[in-house]
Amino acid sequence: MKRIGAFLLLALAASGAFVFFSSETFGCGPLPVIRTYLERNFWQPLTRGAGDLFDRGDRPAPIGQPFAGFGPKSRDSALEGARAAYRPLADGCPDPEAPGGGAGPFARARRAIAQARQGKPAALDAAELTLLEAKIDLREAECQGNDTQLLSRSRQGLESVLSLETSPALASEARGWLGRVLYLSGDHVRAAKIYLDELLRPESIHTRDSLLLSLRMLYPHDGTYRQLSTRLEEFFDTPEHALFALTLVTNPREDFEESVSERKEIARKVEQAVKRHPELFGKGESSDRVALALMRAALFAGDQKGVLRYARRVARGSRVAESPDFLWFLGAAHHLEGNHQEAARAFRSLVRTKTADTRFRMMGWQGLAVSAGFLGNNPEKLDALLHHWVLERQSWESETTNSWDFSLFCWRDSKDLAYALDVELPVEALETYLAGNWASQKLEFWHFGPGRDDWRELKYSGRALVAYSLAVRYARLERYADASRLYEKAGSPRRLRRMEALSAIYASASSAGGGLEAKLAYAEFLSKHSTQVFFNDRLWGGMQRYVLEGPENEDGEPVPAAESATAARDREFLDAQEEYWRAALVCREVARTSDDPLLKRRAASTALSALARIRLDRFRREKEIREMKKEFLAIARNSSGAAPLALLFPGIHADTSADPELQAFR
């Protein structure tokens, strides 16, 4: 029988650890957001652990190298007796109420080991017996509440094993148990060094996951920076140990704004400690990685100039200089310094490097979108957002997202692409993008659309998505013929037929000889096709309301429009995409212009029905809508006397029955 490694023994509380790490990623559901880059925490380093720094791959314990007490059957009966006496202790503390329980099994196991030693075993067997004895002391210490005397005796035994001539497998196991003893004794620094070294040893018999879990138990994310910042230099005996400590101490935290002074103090300690240890440099790639950790510390503290200064210590052309971390630190520092040309150059390199995982490529594309936007390069911005959108959707379906932590962000559903295509970018930018030859035009996009029996997944290319979005924008500009052309190319027959019908109606309404009757027909068509003319159903997925809600202050009250940089643009967009609102405006023009009581009444009926259907929680404009209703009700009364509303407007929608203004009119 093969037992789990000693490192996993640190995970007796592993279920709690997994709850912690899982809740850190999924503690809040997917949040629809826009303009994430406005948060300074977005430009922080990624949260990192030892697994990100020293990835040796997951190598389970080699077959044929079982742990002490569970090896192949030996011809030495005394050794087999010692093994048999130890095995019941490997599964936990003996039941003190059971016959022979309590301290009895420990005493029997020690007698069996003493008897085996009397036979003068071979050197390898003698080392196994010493290891078994140390494990027995450790087990009994745990059963007695981490008895310090037994822990000390176990540590001495394990160190004795490591001083003997033994097999690499037995030595690897002994180091694992020694780490466990040091952990229980409160010496987390020495324990961590053992686990880090074991993670790097090619002959280690312990799995990567067990090593990483042990390191997490020693230094979980929460509070690690405080523990490590006071004992930082104890890790400076090797570049690898220093890299681990420097990285963990600069992991970003949720209290980003509140911890500004503390972050700066930690970065100061890091810089001073490194200056006292010049021996960490001049050792090739390991030293480059220490310089990388200094870049991380500077970014952590908000010292962008420091990031760029430390970047010059990394050898050009080295693996570190081409690593995702280096390129992210460089791009973020340049962006925060306002050097958007240099930031864009770094982010372009980041998304192209083969060593960048999905996390970094997502961040790189988003960073490039921001830099391109500042540079006025809207087609590249759109290209970057399209790449980011695809990667984000792929990450939702990937099991690897369970361990991701985007700088302590909740799991977010970025709507930057939807916002750019539908609100932010001018129509000319979409036209320029389609005229070019961008890689994102061949990417595959999808959304769920209604099928005959159920919702079905609709797939299309990046070019088709942009063309569809441009067609929607054309429709809002009442360029229905242009919209028809694009819908045909985008493969959207329903919208194509709708645009063709609208093109004819609008042409009649806007022609020189077009009358009010034609304009009213145009308004009636819009009112009957809510979300089917001006709304982009391929972008928002029911989440638009949450990303376009007005900003709030600390008391949860809406911020005045004048204080919001994008409020005017968002307001214009909400007006442009609401078919009911546009229909009501056209009806008002007809009602104010016409002398025909029947036409006025029909315009009022269409407008009141449309206004009653507008969702005020999304659209707002409560005051304007209320005033417009009053105007149409007055028009209706003036043109129809005191007739009841139901008789005046027999076709008015049932939703209006609960409308307070219309109830008052009844």
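Residue indices begin at 1 and follow the sequence shown.
For Arg83, the side-chain hydrogen bond (donor to acceptor under 3.5 Å, both in side chains) partners two or more places apart in sequence, or in a different chain, are Glu80, Glu128. Under the ring pair (Phe, Tyr, Trp, His ring centres under 6.0 Å) criterion, Trp328 pairs with Phe42, Trp43, Phe347, sequence neighbours left out. Scanning for ring pair (Phe, Tyr, Trp, His ring centres under 6.0 Å) contacts around His340 gives His335, Phe374, with sequence neighbours left out. For Arg268, the salt bridge (charged side-chain N to carboxylate O under 4.0 Å, His left out) partners are Glu265, not counting sequence neighbours. For Arg312, there are no side-chain hydrogen bond (donor to acceptor under 3.5 Å, both in side chains) partners two or more places apart in sequence or in a different chain. Every side-chain hydrogen bond (donor to acceptor under 3.5 Å, both in side chains) that His241 has, sequence neighbours left out, goes to Asp197, Asp237, Thr238. Scored by the salt bridge (charged side-chain N to carboxylate O under 4.0 Å, His left out) test, Arg361 finds no partners at all (sequence neighbours excluded). Partners of Phe236 by ring pair (Phe, Tyr, Trp, His ring centres under 6.0 Å), not counting sequence neighbours, listed by chain and number: His277.
Of the possible donor and acceptor atoms, one in the side chain of Lys193 sits under 3.5 Å from a partner among the backbone N and O of Glu234. With hydrogens and angles ignored, the 3.5 Å screen pairs a side-chain donor or acceptor of Ser214 with a backbone N or O of Ser210. Remark: the backbone N or O of Asp187 is not paired with any side-chain donor or acceptor of Ser185 at under 3.5 angstrom. Arg139 places a side-chain N or O within 3.5 Å of a backbone atom of Ala90 that can act as its donor or acceptor partner. Of the possible polar contacts, one joining the Thr250 side chain to the Thr247 backbone as a donor-acceptor pair under 3.5 Å is found. Within the 3.5 Å criterion, the main-chain N or O of Gly157 finds no donor-acceptor partner in the side chain of Glu133. Judged purely by atom type and a 3.5 angstrom limit, Ser152 has no side-chain atom pairing as donor or acceptor with the backbone of Gln149. Remark: side-chain polar atoms of Asp288 are not paired, donor with acceptor, to backbone N or O of Ala291 under 3.5 angstrom. Of the possible polar contacts, none joining the Ser154 side chain to the Leu151 backbone as a donor-acceptor pair under 3.5 Å is found. In this structure, the side chain of Ser349 engages the main chain of Arg345 through a donor-acceptor pair within 3.5 Å.
Looking only at side-chain heavy atoms (C-beta outward), Thr355 and Pro324 come within less than 4.5 Å of each other. In this structure, the side chains of Thr130 and Ile113 stay at 4.5 Å or more apart for every pair of heavy atoms. Between Arg201 and Arg175, some side-chain heavy-atom pair lies under the 4.5 Å cut-off. Put simply, the side chain of Asp147 does not reach to within 4.5 Å of the side chain of Glu140, judged on heavy atoms. The shortest distance between side-chain heavy atoms of Pro88 and Pro105 does not fall below 4.5 Å. Side-chain contact between Leu124 and Thr166 is present, with heavy atoms from C-beta onward closer than 4.5 Å. Glu203 is not listed as a side-chain neighbour of Ser172, based on a closest heavy-atom distance of 4.5 Å or more. Looking at heavy atoms from C-beta onward, Arg180 lies in side-chain contact with Leu138 at the 4.5 angstrom threshold.
The nearest pair of heavy atoms linking Leu243 to Ala293 is CD1-CB, 3.9 Å. Closest non-hydrogen pair, Ile205 versus Ala169, comes out as CD1-O, 3.5 Å. Taking all atoms of both residues into account, the shortest heavy-atom contact from Leu131 to Ala68 is CD2-CB, 3.6 Å. Thr47 approaches Asn251 most closely through the heavy-atom pair CA-OD1, 3.3 Å. In terms of heavy-atom proximity, Leu350 sits nearest to Gly364 at CD2-CA, 3.6 Å. The two residues Leu327 and Glu322 have their closest heavy-atom pair at CD1-O, 3.9 Å.
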Less than 3.5 Å apart, which donor and acceptor atoms pair up between the side chains of residues 297-309 and the rest of the protein, not counting sequence neighbours?
from: Asp303; atom 1: OD1; to: Gly306; atom 2: N; distance (Å): 3.0
from: Lys305; atom 1: NZ; to: Glu337; atom 2: OE1; distance (Å): 3.0

Between side-chain atoms of residues 69-77 and protein atoms elsewhere (two or more places apart, or another chain), which donor-acceptor pairs fall under 3.5 Å?
from: Ser74; atom 1: OG; to: Asp76; atom 2: N; distance (Å): 3.0
from: Asp76; atom 1: OD1; to: Ala78; atom 2: N; distance (Å): 2.9
from: Asp76; atom 1: OD1; to: Leu79; atom 2: N; distance (Å): 3.2

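Annotation: the span from Lys275 atom NZ to Leu294 atom CG amounts to 10.5 Å, rounded to 0.5 Å. Rounding to the nearest 0.5 Å places CH2 of Trp365 at 8.5 Å from CG of Leu391. Separating the CD atom in Gln366 from the NE2 atom in His387 is a distance of 14.5 Å, to the nearest 0.5 Å. Atom NZ in Lys135 sits 4.0 Å away from atom CD in Glu173 (nearest 0.5 Å). Rounding to the nearest 0.5 Å gives a distance of 11.5 Å between CZ of Arg190 and OH of Tyr195. A distance of 11.5 Å separates CG in Leu246 from CD1 in Ile266, rounded to the nearest 0.5 Å.
Side-chain contact check for Glu198 and Ser204: at least one donor-acceptor pair (N or O, by modelled atom type) lies under 3.5 Å.
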Could you walk me through whether Asp137 and Arg110 pass the salt bridge (charged side-chain N to carboxylate O under 4.0 Å, His left out) test, one step at a time?
-> CA-CA 9 Å; Asp137 290 337; Arg110 290 190 180 95; 2.8 Å; yes
In sequence, state the C-alpha distance, the side-chain angles, and the governing distance for Met363 and Leu46, and then conclude on side chain to side chain contact (heavy atoms under 4.5 Å, CB included).
-> CA-CA 10 Å; Met363 293 166 62; Leu46 273 176; 3.7 Å; yes
Carefully, step by step, assess Phe326 and Arg319 under the rule side chain to side chain contact (heavy atoms under 4.5 Å, CB included).
-> CA-CA 10 Å; Phe326 179 89; Arg319 289 203 306 172; over 6 Å; no
Begin from the C-alpha positions of Asn146 and Gln144 and carry the test side chain to side chain contact (heavy atoms under 4.5 Å, CB included) through to its verdict.
-> CA-CA 6 Å; Asn146 297 336; Gln144 295 186 14; over 6 Å; no
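Ring geometry, Phe235 versus Tyr219: the interplanar angle exceeds 60°, so the pair is classed perpendicular (tilted spans 30 to 60°).
Applying the 6.0 Å contact sphere to CD of Gln115 captures no more than 12 heavy atoms from other residues, nucleotides or ligands.
Judged as a disulfide (SG to SG under 2.5 Å), the pairs with a partner in residues 116-153 (not counting sequence neighbours) are, in order, Cys93-Cys143. Within the structure, disulfide (SG to SG under 2.5 Å) contacts touching residues 308-339 (residues at least two apart or in different chains) do not occur.
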